[in-house]
Amino acid sequence: MREKELRRSLAVLPIGTVMKLTSLTARQIRYYESQELIFPKRSDGNRRLYSLADIDRLLEIKDYLDDGLNMAGIRKVYDQKKLERERQKDQSHQLTDDDVRKILHDEFLRAGGLQIPGSQQPSVQKPF
DNA sequence: GTTCTTACA
DNA sequence: TGTAAGCA
């Protein structure tokens with residue numbers, strides 16, 4: 001099923017379509033890019049092109065934001081994921097959804113510097 | 001008409 | 001984050 005993966009990664013959607021599919025404003029989408037949360041391709045007149053994978057990524061980012069994480073925190077989670085993916089190359093360990101939840105949990109415990117300044121402490125104190 | 005970058009009430 | 005400005 002590699003061809004399917006390939007298609008999910010094909011960047012062909014303009015920001016306008018992404019806005020409708022994610023309910024995010026162009027401002028937010030571009031801002032997340034500046035925070036290195038997403039990496040859309042560029043094309044013709046320097047226009048951003050997104051893939052279906054990017055759409056999922058943006059929806060995922062929205063969820064993390066609801067969980068009280070800020071840009072830095074989310075990026076940290078993705079960086080961890082990437083490290084695990086690489087570590088997985090020469091080892092037989094794979095990052096499972098449970099691992100991700102654990103990472104998120106740890107983030108909560110010491111999210112002091114990652115928590116959004118003067119923000120809504122997640123209503124759900126112990127979602128884990 | 002749509003997107004891009006930059007800047008600021 | 002919103003939004004306006006000036007380009008492409």
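Residue numbers begin at 1 in each chain, while the letters A, B, ... track the order of the sequences. Predicted model, so just to flag it, every value in this text is computed and none were measured.
- If you measure from atom NZ of A:K41 to atom C1' of B:dT3, you get 19 Å, rounded to the nearest angstrom.
- In this structure, C:dT1 makes no Watson-Crick or G-U wobble pair, since no nucleotide meets both defining distances under 3.5 angstrom.
- For the pair A:M19 CE and B:dT2 P, the computed distance is 11 Å after rounding to whole Å.
- Here the side chain of A:D67 pairs no donor or acceptor atom with the backbone of A:Y64 at under 3.5 angstrom.
- In plain terms, the two heavy atoms of A:L58 and A:I38 that are nearest each other are CD2-CD1, 3.7 Å.
- No path of Ile, Leu, Val, Met, Phe, Trp and Tyr side chains, each step under 4.5 Å between heavy atoms, connects A:F39 with A:V77, placing them in separate hydrophobic clusters.
- Rounded to a whole Å, the CG atom of A:D44 is 11 Å from the C1' atom of B:dT2.
- Cluster membership check: A:M71 shares its hydrophobic cluster with A:V100, using side-chain heavy-atom separations under 4.5 Å among Ile, Leu, Val, Met, Phe, Trp and Tyr.
- Residue contacts for A:G45: at a heavy-atom cut-off of 4.0 Å it reaches no nucleic acid atom on any strand shown.
- B:dT2 is paired with C:dA8 under the Watson-Crick or G-U wobble criterion, all donor-acceptor distances under 3.5 Å.
- As a whole-Å value, the separation of A:I15 CD1 from B:dG1 P is 19 Å.
- For the pair A:L49 CG and B:dC4 C1', the computed distance is 13 Å after rounding to whole Å.
- One atom, CZ of A:R30, and another, C1' of B:dT6, lie 11 Å apart when rounded to the nearest Å.
- Checking the phosphate oxygens (OP1, OP2) of B:dT5, a side-chain nitrogen or oxygen of A:R42 falls inside 4.0 Å.
- Within the 4.0 Å cut-off from OP1 or OP2 of B:dT2, not a single side-chain nitrogen or oxygen of A:R47 is found.
- Put simply, the side chain of A:R27 and the base of C:dT3 share a donor and an acceptor less than 3.5 Å apart.
- At whole-Å resolution of the value, CG in A:N46 and C1' in C:dG6 are 16 Å apart.
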**Q.** Check against salt bridge (Lys or Arg N to Asp or Glu O under 4.0 Å), A:E33 and A:R30
**A.** CA-CA 5 Å; A:E33 178 184 354; A:R30 297 191 187 108; over 6 Å; no

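- Distance, A:Y50 OH to B:dT3 C1': 10 Å, rounded to whole Å.
- Contact annotation: A:Y31 does not reach the phosphate of B:dT5 (side-chain N/O to OP1 or OP2, under 4.0 Å).
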